[in-house]
Amino acid sequence: MFLLTTSLRRLAASAALLLLMQGAQAARPQSEFPLREVLLSDVAQPIERKEIEVVVFIAPESCTPKTHESTWGTIVSSDNTSLFKSWACRAYLDTAKDPKEELAFVPMPPAFKRPSILDTVQGLPASTTGRRYVALIDWKYADTTLGKCNSYGCHSSLIMLIEAVVYDRVAGKTIWHSIETTRATMKDLHYDAKEARSMGPLNVSIALNGIMGHKAQHEAEEQGMRRTTALEPSNAPGQAGTVLNRKANLILFNRMPQETVDSEKFEDGSTFYTIETSHLQGSAKKNLYYHDSRTHVALELAPGTYELAFYKKRTTVNIKENGPPVYLSFDTGFMSSLSVNELSPQKALELTQDSLNALLPELTPVAYPLRARKLQWTQP
């Protein structure tokens, strides 16, 4: 859509990071988004990366960092924000030309953005990729202050907000909408093409993982490991449910400490775990789950024995037909070990009041739209 000249590349690469280091200890602003929230999920079939065109909105002028001449006659950056935006711009452009990249990144001027998803899609130039799905990506940095150096070298680490929408051109509908707060990084204090993906393109790729894993999820659900909500839907429109979902016979709550985004440890409350069983087939035999602090996973499981594996910590759960549901929470225990605790129904209901569903859209008191979010796009 627009190109960087050779002189511009040299200018951006040589811009000094004096202001970056001066602002290294400044407090970061609070994020407008949670770590991750699914606003819409309507993925009916498995999707591969080679089927997705990723439209990333970038202002052409952001590719040029603001600079000035220093006392010593060298060209240096005038501010961190324009410098990092120029790096991110170059990262998306370089990724768009990378033959190894399966996603088709297409930089697009912000003038093509509209408040409506449908209006934005219909207003885009004709696709040059012919791919069925188009992902709309709105991104911004929450801060541009952190640059650190130690005996091993220097690195830059920035908080990045991503809103991702995926539209099915064949079906004519939106199939995915999510928001998240993540970390973008760059080794050393200069632009490096080898590390450029981690300045934004990699984060976008990870944000789209929610629609990539549906093949395994669908197989698991066919075998009897169905995703669901923790709460029964409310009869009153726009209000969260007030009772636990009777079909959810296993609900897991991540209650690990959640640092604020002005901390280097703000993602430490996120974790992976597996649910394994021998009485089911295919992907259902071992399913991987990931969710952040203050989120939950609600499942409707076929009767049988399931083993939950959190790294070295393992817990066995027995699901009986028409038997009582199992509610578990996991938290940081003694000397940073993992503690898994069974909950009463009353306690489980209490935790849902301060929790987001990690896999599906679910209206809880802290979920959108009850919790306001500054979104770029509305549905449809």
Side-chain angles (χ1 to χ4, degrees), residues 35-36 38 41 209-210 212-232 241 243-258 267-360 362 364:
L35 285 186
R36 188 173 290 100
V38 180
S41 178
N209 279 347
M212 304 300 174
H214 276 67
K215 180 177 182 179
Q217 290 174 356
H218 286 171
E219 290 179 357
E221 292 191 349
E222 290 174 355
Q223 288 292 320
M225 294 185 72
R226 288 177 287 276
R227 297 164 295 157
T228 187
T229 60
L231 295 172
E232 291 277 359
V243 297
L244 292 170
N245 184 356
R246 292 185 294 272
K247 294 183 179 180
N249 49 16
L250 176 62
I251 305 179
L252 299 102
F253 296 90
N254 181 345
R255 305 305 290 183
M256 297 177 71
Q258 173 67 64
E267 292 176 307
D268 284 6
S270 306
T271 190
F272 290 92
Y273 59 91
T274 59
I275 299 180
E276 303 173 29
T277 186
S278 59
H279 69 283
L280 300 180
Q281 304 298 317
S283 298
K285 294 179 72 67
K286 184 176 181 179
N287 235 359
L288 178 67
Y289 294 88
Y290 173 86
H291 56 122
D292 305 299
S293 176
R294 298 297 190 270
T295 65
H296 58 268
V297 166
L299 299 172
E300 182 183 350
L301 300 177
T305 300
Y306 299 84
E307 186 175 58
L308 282 63
F310 303 85
Y311 300 105
K312 297 181 180 180
K313 180 77 172 181
R314 290 181 173 267
T315 299
T316 300
V317 173
N318 292 309
I319 300 296
K320 299 180 180 179
E321 189 169 1
N322 299 321
V326 178
Y327 307 120
L328 300 175
S329 70
F330 53 93
D331 201 342
T332 303
F334 180 67
M335 295 187 68
S336 298
S337 63
L338 189 72
S339 175
V340 180
N341 302 291
E342 189 162 358
L343 306 173
S344 66
Q346 293 76 15
K347 184 62 177 178
L349 181 60
E350 177 186 328
L351 292 186
T352 62
Q353 308 306 301
D354 183 32
S355 185
L356 297 171
N357 193 310
L359 303 179
L360 298 172
E362 179 179 2
T364 69

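Note that these values count all heavy atoms, side chains included, but never hydrogens, waters or copies made by symmetry. Sequence positions, counted from 1, serve as the residue numbers for this chain.
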Task: side-chain contact (heavy atoms from CB on, under 4.5 Å) involving A358 - partner list, sequence neighbours excluded - done: H291, T295, V297
Task: Residues that V38 engages under side-chain contact (heavy atoms from CB on, under 4.5 Å), provided they are two or more places apart - done: S41, W176, P361
Who are the side-chain hydrogen bond (donor to acceptor under 3.5 Å, both in side chains) partners of [X], not counting sequence neighbours?
X    : answer
N357 : E362
E307 : R314
N341 : S339
E221 : R227

For the student: nearest non-hydrogen atoms of [X] and [Y], plus distance:
X    : Y    : value
A284 : M225 : O-SD, 3.3 Å
A348 : L244 : CB-CD1, 4.1 Å
L231 : T364 : CD1-CG2, 4.3 Å
A248 : P325 : O-CB, 3.6 Å

Task: With sequence neighbours excluded, residues passing ring pair (Phe, Tyr, Trp, His ring centres under 6.0 Å) with Y289 - done: Y273
Which distance, rounded to the nearest 0.5 Å, do you find between the [atom1] of [X] and the [atom2] of [Y]?
X    : Y    : atom1 : atom2 : answer
L338 : T271 : CG    : OG1   : 6.5 Å
L250 : L328 : CG    : CG    : 6.0 Å
D331 : M256 : CG    : CE    : 7.5 Å
L356 : L35  : CG    : CG    : 9.5 Å
L301 : N318 : CG    : CG    : 11.5 Å

Please check if the side chain of [X] supplies one atom and the backbone of [Y] the other of a donor-acceptor pair under 3.5 Å.
X    : Y    : answer
Q223 : E219 : no
N245 : T229 : yes
E232 : R246 : yes

Using salt bridge (charged side-chain N to carboxylate O under 4.0 Å, His left out) as the criterion, list what pairs up with [X], not counting sequence neighbours.
X    : result
K347 : E350
E222 : none
D354 : R255, R294

Open item on the list: Assess the residue pair F253 and F330 against the criterion (ring-ring contact (aromatic ring centres under 6.0 Å, His included)); give the C-alpha distance rounded to whole Å, side-chain angles, the decisive distance to 0.1 Å, and a yes or no.
Closed with: CA-CA 6 Å; F253 296 90; F330 53 93; 9.4 Å; no
Task: Within 6.0 angstrom of K286 NZ, more than 12 heavy atoms from elsewhere - done: no
TODO: Check step by step if side-chain contact (heavy atoms from CB on, under 4.5 Å) holds for I251 and L351.
DONE: CA-CA 11 Å; I251 305 179; L351 292 186; over 6 Å; no
Open item on the list: Filter on side chain to side chain donor-acceptor pair (under 3.5 Å), then keep only pairs touching residues 319-329, sequence neighbours left out; what's left?
Closed with: none
Give every donor-acceptor pair under 3.5 Å between a side-chain atom in residues 275-282 and any protein atom, sequence neighbours left out.
residue : atom : partner : partner atom : Å
E276    : OE2  : T274    : OG1          : 3.2
T277    : OG1  : H279    : ND1          : 2.5
T277    : OG1  : T305    : O            : 2.9
H279    : NE2  : P303    : O            : 3.0
H279    : NE2  : Y306    : OH           : 3.3

